[in-house]
Amino acid sequence: MARHNREGTGTDQRGYRYAISYQPDWLRLVKVTRKLASGRQSSMTLFKNPAGGRHADPGEKVRTRITSVEQSLDVEIAVTDRKAAVRRVKVAYFVPRPSGRGEEIVFTLENALPPAKSGR
């Protein structure tokens, strides 16, 4: 049986703080990618699941919510994965700025936790 979501936090390249609500037996990590002032792209791990592996099989529908109060960012991704075959989901999120210009942030959610061990 799937377990309830857990809460985690992370900080990105620019120091913005995030809260992550995640399904503990599906999500391995969240990466954040954004463009730097130089025009180059920067990716970093925003959050890594502290569990070394699954404690149970994930449900067929998993939800991940990412929020950042500082950026007025709030997105929830729900994935129906009946065959446990989804390995990666990318979400591009546009954050508006008071100046009228905004920026696109890409979140990559990865699944790849080792399966539940029998006898647990």
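- Residues Pro58 and Trp26 come closest through the heavy atom pair CB-CB, 4.0 Å.
- Checking side-chain atoms of Ser68 against main-chain N and O of Arg17 turns up a donor-acceptor pair under 3.5 Å.
- Within the model, atoms CZ of Arg6 and CG of Asn49 stand 9.5 Å from one another, a figure rounded to the nearest 0.5 Å.
- Closest approach of Asn5 to Ser21, counting heavy atoms only: ND2-OG, 3.2 Å.
- Summarising the geometry of Asp25 relative to His55, their closest heavy-atom pair is OD1-N, 2.9 Å, with the distance given to 0.1 Å.
- The aromatic rings of Phe47 and Tyr22 lie tilted to each other, with the angle between the two planes from 30° to 60°.
- The two residues Asp12 and Met44 come nearest to each other via the heavy atoms C-SD, 3.5 Å.
- Summarising the local packing, CZ of Arg34 is surrounded by more than 12 heavy atoms from other residues, nucleotides or ligands at distances under 6.0 Å.
- Interatomic distance, Leu46 CG to Phe107 CZ, rounded to the nearest 0.5 Å: 6.5 Å.
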Exercise. Please lay out, stage by stage, how Asn111 and Val86 fare under the test side chain to side chain contact (heavy atoms under 4.5 Å, CB included).
Key: CA-CA 7 Å; Asn111 171 20; Val86 174; 5.6 Å; no
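- Taking all atoms of both residues into account, the shortest heavy-atom contact from Ser42 to Gln13 is O-NE2, 2.8 Å.
- Between Thr64 and Gln23, every side-chain heavy-atom pair lies at or beyond the 4.5 Å cut-off.
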Quiz item: Do Glu110 and Lys31 pass the side chain to side chain contact (heavy atoms under 4.5 Å, CB included) test, and can you show the C-alpha distance, the side-chain angles, and the key distance before you say yes or no?
Solution: CA-CA 8 Å; Glu110 293 188 10; Lys31 288 184 180 179; 4.1 Å; yes
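- Rounding to the nearest 0.5 Å gives a distance of 8.5 Å between CG of Leu29 and CG of Leu109.
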Exercise. Could you walk me through whether Ile105 and Gln71 pass side chain to side chain contact (heavy atoms under 4.5 Å, CB included), step by step?
Key: CA-CA 11 Å; Ile105 302 171; Gln71 300 176 94; 3.5 Å; yes
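- Closest of all the heavy-atom pairs between Arg65 and Asp74 is NH2-OD2, 2.5 Å.
- Within 6.0 Å of atom CZ in Arg63, 12 or fewer heavy atoms from other residues, nucleotides or ligands are found, so the atom counts as exposed in its surroundings.
- Between atom CG of residue Asp81 and atom CZ of residue Arg87 there is a gap of 7.5 Å, rounded to the nearest 0.5 Å.
- Within a 6.0 Å sphere centred on CZ of Arg97, other residues, nucleotides and ligands contribute more than 12 heavy atoms.
- Using a 4.0 Å cut-off between a side-chain N of Lys or Arg and a carboxylate O of Asp or Glu, Arg14 and Glu70 do not qualify as a salt bridge.
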